[in-house]
There are 2 protein chains.
Amino acid sequence: MKLTSKGRYAVMALVDLARFDNINPVSLRDISLRQGISLDYLEQIFSKLKKNEIVKSIRGTQGGYVLNKNPNDIKLTNIFNAVDEKVKTVQCKKESKKGCNGKATKCITHNLWDELEIHINTFFENKSLKDLLNNNKETRV
Amino acid sequence: MKLTSKGRYAVMALVDLARFDNINPVSLRDISLRQGISLDYLEQIFSKLKKNEIVKSIRGTQGGYVLNKNPNDIKLTNIFNAVDEKVKTVQCKKESKKGCNGKATKCITHNLWDELEIHINTFFENKSLKDLLNNNKETRV
DNA sequence: CTAAACTTGACCATTTTAGTCAGGTATGTA
DNA sequence: TACATACCTGACTAAAATGGTCAAGTTTAG
């Protein structure tokens, strides 16, 4: 199971972006400063977000990033997939001698992890960026 | 977030144990062979399970381990806690300059991770060893 | 034409993971 | 009482993942 700071940063950055992109594109530098995330690291993350068409980039002076979709249509699943944070609890490789016990049958807890995976993914599929925005209105500057 | 093979092995081993401990204590050697888990690694894991009173040990020849509770009373939460697999999605250290943004306020996604944590823990709290046993009856040898 | 901002890819220190290894200690059975 | 079996403990470590940094660009507004 992977759920690390890369995914967390991606979400934080996108919430930040969603708040400020009404008029102008938002530069990574600004996000970096506001959220306390290394600029270089943000670049890696946004490169992936862009490939997955979650954001658009605008080059040149006064450039930056803009959401490519309505916040309501950006689910957390999309974000995590984009930055390679697959919520995978089992890696029972079909071929490998290792994993899933090295046997033909599923390991005895296989079903459990499948269930968990679904449980978590459901959570992420039902949460959009917009939900997070609403959630944070009260703490807004 | 941590959810790795140590927790997975712990659950696998306990399910195995629960199946065979009706009459005699079960040796780690047997579990190791059946589940394909290194004996030395199992010993580490069972040491923790014992400290947390999930299993009892019986020394000497023909010794081994036995469940210390009814399978119905052993929740997955207990198991994961025992082997230090805390399901923690946020580590916003209160003091540290890093974490939670280095600021006094919660980071903008703080609530989200709290929710997720609850979501996952609920899942684990509602699943007992007994559930897993039932779940595997069909594939039983 | 130049500074701001995006873009790419290589690199790396630290931490975690998933064990191994070596040496015990306890105890049932012959 | 010997001894094999099985528990018990702690140190150690190779490999992978994490969380970045660094360097060298390209693009475009002004």
Side-chain angles (χ1 to χ4, degrees), chain A residues 1-10 12-13 17 21 24-33 35-52 54-66 68 80 83-86 88-89 91 93 96 98-99, chain B residues 1-10 12-13 17 20-21 24-33 35-52 54-66 68 80 83-86 88-89 91 93 96-99 101-102:
Chain A
M1 173 123 191
K2 286 168 61 189
L3 227 181
T4 64
S5 72
K6 190 181 288 184
R8 212 161 57 235
Y9 285 168
M12 285 168 68
L17 179 57
D21 83 336
N24 300 316
V26 181
S27 73
L28 292 189
R29 155 179 276 269
D30 285 351
I31 297 178
S32 165
L33 289 174
Q35 301 301 327
I37 305 169
S38 138
L39 177 59
D40 285 313
Y41 204 29
L42 271 181
E43 286 178 345
Q44 283 183 39
I45 292 169
F46 271 76
S47 159
K48 295 182 176 187
L49 292 175
K50 192 191 168 187
K51 270 185 199 131
N52 284 266
I54 292 169
V55 297
K56 274 185 300 193
S57 70
I58 291 158
R59 285 172 158 254
T61 319
Q62 303 303 320
Y65 285 93
V66 176
N68 198 21
F80 286 126
V83 297
D84 296 322
E85 293 242 305
K86 303 268 166 59
K88 274 216 138 290
T89 50
Q91 60 270 73
K93 294 152 199 159
S96 164
K98 290 246 175 181
Chain B
M1 173 125 192
K2 285 169 60 187
L3 226 182
T4 64
S5 72
K6 189 179 287 182
R8 212 161 58 233
Y9 285 168
M12 285 169 69
L17 180 58
F20 288 92
D21 82 335
N24 300 316
V26 180
S27 72
L28 292 190
R29 156 180 274 270
D30 286 351
I31 297 178
S32 164
L33 290 174
Q35 301 301 326
I37 305 169
S38 139
L39 178 59
D40 285 313
Y41 204 28
L42 271 181
E43 286 179 345
Q44 283 183 39
I45 292 169
F46 271 76
S47 160
K48 294 183 178 187
L49 292 176
K50 192 190 168 188
K51 269 184 202 134
N52 284 264
I54 292 169
V55 297
K56 273 185 302 195
S57 71
I58 292 157
R59 285 172 160 255
T61 318
Q62 305 301 321
Y65 284 92
V66 176
N68 198 22
F80 286 126
V83 297
D84 296 321
E85 292 241 308
K86 304 268 167 60
K88 276 216 138 288
T89 49
Q91 60 271 70
K93 293 152 198 159
S96 163
K97 230 196 128 207
K98 290 242 175 186
N101 225 357

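Chain letters run A, B, ... following the sequence lines, proteins first and then strands; every chain starts at 1.
The distance between atom CD1 of A:Ile37 and atom P of D:dT18, rounded to the nearest whole Å, is 17 Å. Taking atom CG of A:Asn24 as the reference point, atom C1' of D:dT28 lies 16 Å away to the nearest angstrom. Protein atom NZ of B:Lys48 is 13 Å distant from nucleotide atom C1' of C:dG19, rounded to whole Å.
Here the CG-CG distance, from B:Asn68 to B:Asn52, works out to 11.0 Å after rounding to the nearest 0.5 Å. With rounding to the nearest 0.5 Å, the separation of CG in A:Asp40 from CD1 in A:Ile45 is 11.0 Å. Taken from CD1 in B:Ile54 to NZ in B:Lys48, the straight-line distance is 12.0 Å, to the nearest 0.5 Å.
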With the sugar-phosphate defined as primed atoms, P, OP1 and OP2, and the base as all remaining atoms, what B/S/- string results for nucleotides 3-12 of chain D, 5' to 3', for protein heavy atoms under 4.0 Å? -BBSBBB-B-

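Between B:Pro25 and B:Gln62, the shortest heavy-atom contact is CG-O, 3.4 Å.
Panel note: side chain B:Ser32, backbone B:Ser38; no donor-acceptor pair is recorded below 3.5 Å.
Note on A:Tyr41: every side-chain N or O is 4.0 Å or more away from OP1 and OP2 of D:dT18. The shortest distance between the side-chain N/O atoms of B:Ser38 and the OP1/OP2 oxygens of C:dT20 is below 4.0 Å. Applying the 4.0 Å criterion to OP1 and OP2 of C:dT17, one finds that B:Ser5 has every side-chain N and O outside that range.
Ring pair B:Phe46/B:Tyr65 is tilted by interplanar angle, where 30° to 60° counts as tilted.
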